[in-house]
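The structure under discussion appears below in the form of structure tokens.
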Amino acid sequence: MRNGSCITATVTKIVSDLYTVSSEEGTFRAKARGRFRVKGQSVCVGDIVKVVSEKGFMVINEVLPRRNSLLRPFVSNIDSALIVVAKEPVPDMILADKIIVNCFIEGIKPVLVYNKRELAAGGEIEKLFSAYDSFIDCIAVSALEKSGFEELRREIEGKTVCLAGQSAVGKTSLMNAILDAGLKTDGLSKKIKRGKNTTRHVEIYEAWGGKIMDTCGFSMLTLVNLEPDELKYYYEDFLPLAGECRFSACSHVNEPDCAVKKAVDEGRVDKARYLRYLEIYNELKNERRKSYD
Ligand SMILES: Nc1nc2c(ncn2[C@@H]2O[C@H](COP(=O)(O)OP(=O)(O)OP(=O)(O)O)[C@@H](O)[C@H]2O)c(=O)[nH]1
Ligand SMILES: [Mg+2]
Ligand SMILES: [Zn+2]
């Protein structure tokens, strides 16, 4: 690239502070100007950026406004998040519920993907899906057997998606199976039955007519900038019932004549999901209290 020339490109890979950007002009390695990190606005995979050529280096000097973004995984400008859970490690559905909330806040389509389905006992996957399939797509797949891939392809074709979830659920294994590649994967730690955080960077791959981001697994997620009483707006399974609660501002926690609680009692809303809602609600309350102390 000529010195001083400027291009618009997409960030497709970040390894520590080395960025890969792609544009019609080609694929380049770039660095980010320090001020992005200073302002707390770091660059993430999916960002559309302006890159200038300076003395033989490519430098990212502007991040264009994001259509949407997630902090965990840290990605932007996506259509859907494929939230991967598996037979092992034991699914952390609080984590999945929080990712779903963040997706709805950001206008991203959440999809629940159950991997390693060949290990699951009969009825196990259906039971887990029954709490979600009224409001999001749920698909069961196996990276090992390459099964459920027709449904998976439908979620990817023509879209930009990210894989999201705990370590060792098989995000990179799915990526490998889709690409027929040999990216690094690893098993569960025998001692703690948890993942080993094998993938250490985020990268976009192109396959099946779509763009797929493989990301780093995580186990902690704090919902930021959300009031406890706003949480209910991001529970699409509760929304149709809210009109029947006695109080229009019902948060479905302690209020009398709550239609959501009634639906839980009658088995129309999944009880475990409702109990997780209460747990997340209380977590938000505690966060808030702490910030006033
Ligand atoms: N039985 C079975 N094992 C699988 C399947 N998919 C992945 N695995 C195994 O699960 C382990 C973890 O897979 P990874 O692909 O590294 O998981 P990951 O989600 O990318 O993990 P991080 O990169 O740490 O976030 C590996 O030992 C895989 O071989 C599957 O469909 N069936
Ligand atoms: Mg991985
Ligand atoms: Zn209510």
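The figures that follow rest on heavy atoms only: side chains count, while hydrogens, waters and symmetry mates do not. Ligands are counted one by one from 1 in listed order, and the atoms in each one are counted from 1 as well.
Taking 2.8 Å as the threshold, T199 counts as a candidate ligand of the Mg ion (ligand 2), since one of its N, O or S atoms lies below it. Not a single N, O or S atom of T215, from either the backbone or the side chain, sits less than 2.8 Å from the Mg ion (ligand 2).
Counting only non-hydrogen atoms, the option in G195, S173, P89 that gets closest to atom 14 (P) of ligand 1 is S173. Considering G170, A143, G165 only, the shortest heavy-atom separation from atom 31 (O) of ligand 1 involves A143. When the options D214, T215, D186 are ranked by their closest heavy atom to atom 16 (O) of ligand 1, first place goes to D186.
Using cut-offs of 30° and 60° on the angle between ring planes, the pair H252 and F238 is perpendicular.
Between the side chain of N68 and the backbone N or O of I78 there is at least one donor-acceptor pair closer than 3.5 Å.
Using a cut-off of 4.0 Å between Lys/Arg side-chain N and Asp/Glu carboxylate O, K87 and E124 are scored as salt-bridged. For the pair D214 and K171, the salt-bridge criterion is not met [side-chain N within less than 4.0 Å of a carboxylate O]. Remark: R67 does not engage E106 in a salt bridge, criterion side-chain N to carboxylate O under 4.0 Å. Using a 4.0 Å cut-off between charged side-chain N and carboxylate O, R33 and E54 make a salt bridge.
Not one N or O of T185 is nearer than 3.5 Å to an N or O of ligand 1, by distance alone. Where the criterion is an N or O separation shorter than 3.5 Å, residue side chain and backbone included, K116 meets it with respect to ligand 1. At a 3.5 angstrom cut-off on N or O pairs, L144 counts as close to ligand 1. On a distance-only criterion, A168 and ligand 1 share at least one N/O pair closer than 3.5 Å.
Atoms of ligand 1 lying under 4.0 Å from at least one heavy atom of L119, given by number and element, are 1 (N). Residue G217 has at least one heavy-atom neighbour below 4.0 Å for each of these atoms of ligand 1: 25 (O). Short contacts between ligand 1 and N197, defined as distances under 4.0 Å to a heavy atom of the residue, involve ligand atoms 24 (O).
Side chains of N102 and Y234: a donor-acceptor N/O pair is absent below 3.5 angstrom, by distance only.
Contacts between E118 and ligand 1 below 4.0 angstrom, taking non-hydrogen atoms only, involve the side chain exclusively.
Minimum heavy-atom separation, S76 to G46: OG-C, 3.2 Å.
Closest N/O/S atom of H252 to the Zn ion (ligand 3): ND1.
Cation-pi contact between K31 and F57: present, with separation from the ring centre below 6.0 Å and deviation from the ring axis of at most 45°.
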